[in-house]
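Everything numeric in this text was worked out from a predicted model, so none of it was measured.
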Amino acid sequence: QVQLVESGGGLVQPGGSLRLSCAASRSLVDFDAMAWYRQVPGKERELVAHITDYGYTNYPDSVQGRFTISRDNAKNTVYLQMNSLKPEDTAVYYCNAETRFGHYWGQGTQVTVSS
C-alpha cells in the first residue's frame with residue numbers, strides 16, 4: 001500500500017508563490033514517475049507537472065515557465081514550486097505516483113489564488 005500526503009496549499013494573491021510537498025510512504029525509486037495534477041469542480045483532472053525516475057520533467061503550456069517539479073529521493077518527497085500564480089490556477093492539487101501496476105493518488109490540497 002502506498003500513501004501520498006500533500007501539504008503546502010492555501011490562499012495566495014495573484015502573482016504570489018506557493019510550494020507544495022508530497023511525502024510518500026515508500027522510496028521514490030519504487031515509482032516510474034511522479035506527477036502533480038489539479039482539478040476544479042465540473043472539470044476533468046489535468047496534469048500540471050511530471051517528473052520521471054531519471055529526472056526528466058514535462059509541463060503543459062498553461063504552467064510552463066511558472067511551475068517547477070522536483071524530487072528529493074532521500075526524503076521520499078516531491079515538490080511543486082508555483083510562481084506567478086493566477087486566479088485560474090485555483091484548484092485542488094493532487095500528487096500522483098506511477099508504477100507499471102497502476103497509479104496512486106494523494107488526498108489533495110486546495111490552492112486558492114485570489115485578491
Side-chain angles (χ1 to χ4, degrees):
Q1 187 70 16
V2 175
Q3 289 187 327
L4 303 172
V5 180
E6 301 99 334
S7 61
L11 174 64
V12 63
Q13 291 186 342
S17 299
L18 279 177
R19 188 177 80 157
L20 305 182
S21 299
C22 171
S25 60
R26 286 166 48 182
S27 172
L28 296 185
V29 300
D30 290 345
F31 307 117
D32 295 328
M34 302 293 296
W36 286 94
Y37 288 73
R38 67 186 180 190
Q39 188 170 26
V40 297
K43 292 190 177 181
E44 293 186 356
R45 195 170 293 188
E46 64 169 344
L47 176 71
V48 294
H50 184 270
I51 185 166
T52 70
D53 51 354
Y54 289 97
Y56 295 114
T57 59
N58 184 50
Y59 307 91
D61 291 344
S62 58
V63 307
Q64 180 73 49
R66 300 189 298 122
F67 289 12
T68 302
I69 188 171
S70 61
R71 55 193 293 161
D72 186 335
N73 289 347
K75 295 182 178 180
N76 295 343
T77 301
V78 177
Y79 303 98
L80 182 68
Q81 178 67 44
M82 304 185 294
N83 298 327
S84 302
L85 283 162
K86 305 174 181 180
E88 51 263 43
D89 294 318
T90 296
V92 177
Y93 283 71
Y94 296 90
C95 180
N96 174 269
E98 298 176 18
T99 74
R100 57 181 173 175
F101 303 109
H103 290 240
Y104 299 95
W105 294 93
Q107 81 289 349
T109 185
Q110 176 70 45
V111 172
T112 302
V113 184
S114 175
S115 55

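The line from CD1 of I69 to CD of Q81 is 12.5 Å long, rounded to the nearest 0.5 Å. Between M34 atom CE and L80 atom CG the span is 12.0 Å, to the nearest 0.5 Å.
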Donor-acceptor pairs under 3.5 Å, side chain of residues 45-52 to any protein atom, not counting sequence neighbours: which ones?
{"from": "R45", "atom 1": "NE", "to": "Q39", "atom 2": "OE1", "distance (Å)": "3.2"}
{"from": "R45", "atom 1": "NH2", "to": "Q39", "atom 2": "OE1", "distance (Å)": "3.3"}
{"from": "E46", "atom 1": "OE2", "to": "R38", "atom 2": "NE", "distance (Å)": "2.7"}
{"from": "E46", "atom 1": "OE2", "to": "R38", "atom 2": "NH2", "distance (Å)": "3.3"}
{"from": "H50", "atom 1": "NE2", "to": "E98", "atom 2": "OE2", "distance (Å)": "2.9"}
{"from": "T52", "atom 1": "OG1", "to": "Y54", "atom 2": "N", "distance (Å)": "3.2"}
{"from": "T52", "atom 1": "OG1", "to": "G55", "atom 2": "N", "distance (Å)": "3.3"}
{"from": "T52", "atom 1": "OG1", "to": "Y56", "atom 2": "N", "distance (Å)": "3.1"}

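With hydrogens and angles disregarded, no donor-acceptor distance shorter than 3.5 Å links the side chain of N96 to the backbone of H103. E6 places no side-chain N or O within 3.5 Å of a backbone atom of C22 that could act as its donor or acceptor partner.
Under the 4.5 Å side-chain heavy-atom criterion for grouping Ile, Leu, Val, Met, Phe, Trp and Tyr, L85 is not connected to V92 through any hydrophobic cluster. Under a hydrophobic-cluster definition in which Ile, Leu, Val, Met, Phe, Trp and Tyr are linked whenever side-chain heavy atoms come within less than 4.5 Å, directly or via other members, V78 and V2 are assigned to the same cluster. Cluster annotation: Y59 is not connected to Y37 through the hydrophobic network of ILVMFWY side chains, with a link wherever side-chain heavy atoms come within less than 4.5 Å.
Contact check for T68 versus Y79: no side-chain heavy atoms found under the 4.5 Å cut-off. Here the side chains of L11 and S114 are in contact, with some heavy-atom distance below 4.5 Å. No side-chain heavy atom of D89 sits less than 4.5 Å from a side-chain heavy atom of M82.
Residue G106 comes nearest to Y94 through the heavy atom pair O-CD2, 3.6 Å, listed as atom of the first residue, atom of the second, then distance. Listed here is the closest heavy atom pair of K86 and V113: O-CB, 3.2 Å. Here the shortest heavy-atom pairing between S27 and V29 reads OG-CG2, 2.9 Å. Contact between D53 and R71 at its shortest, heavy atoms only, is CA-NH1, 3.5 Å. The shortest heavy-atom contact between T77 and A23 is OG1-CA, 4.1 Å. Scanning both residues, S84 and S17, for their nearest heavy atoms gives N-OG, 4.3 Å.
Enclosure of atom CD in E44 is not indicated, since only 12 or fewer non-hydrogen atoms of other residues, nucleotides or ligands lie within 6.0 angstrom.
Using cut-offs of 30° and 60° for the angle between ring planes, the Y93 and F67 rings count as tilted.
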Given side chain to side chain contact (heavy atoms under 4.5 Å, CB included), test C95 with W36 step by step and report yes or no. CA-CA 5 Å; C95 180; W36 286 94; 4.1 Å; yes
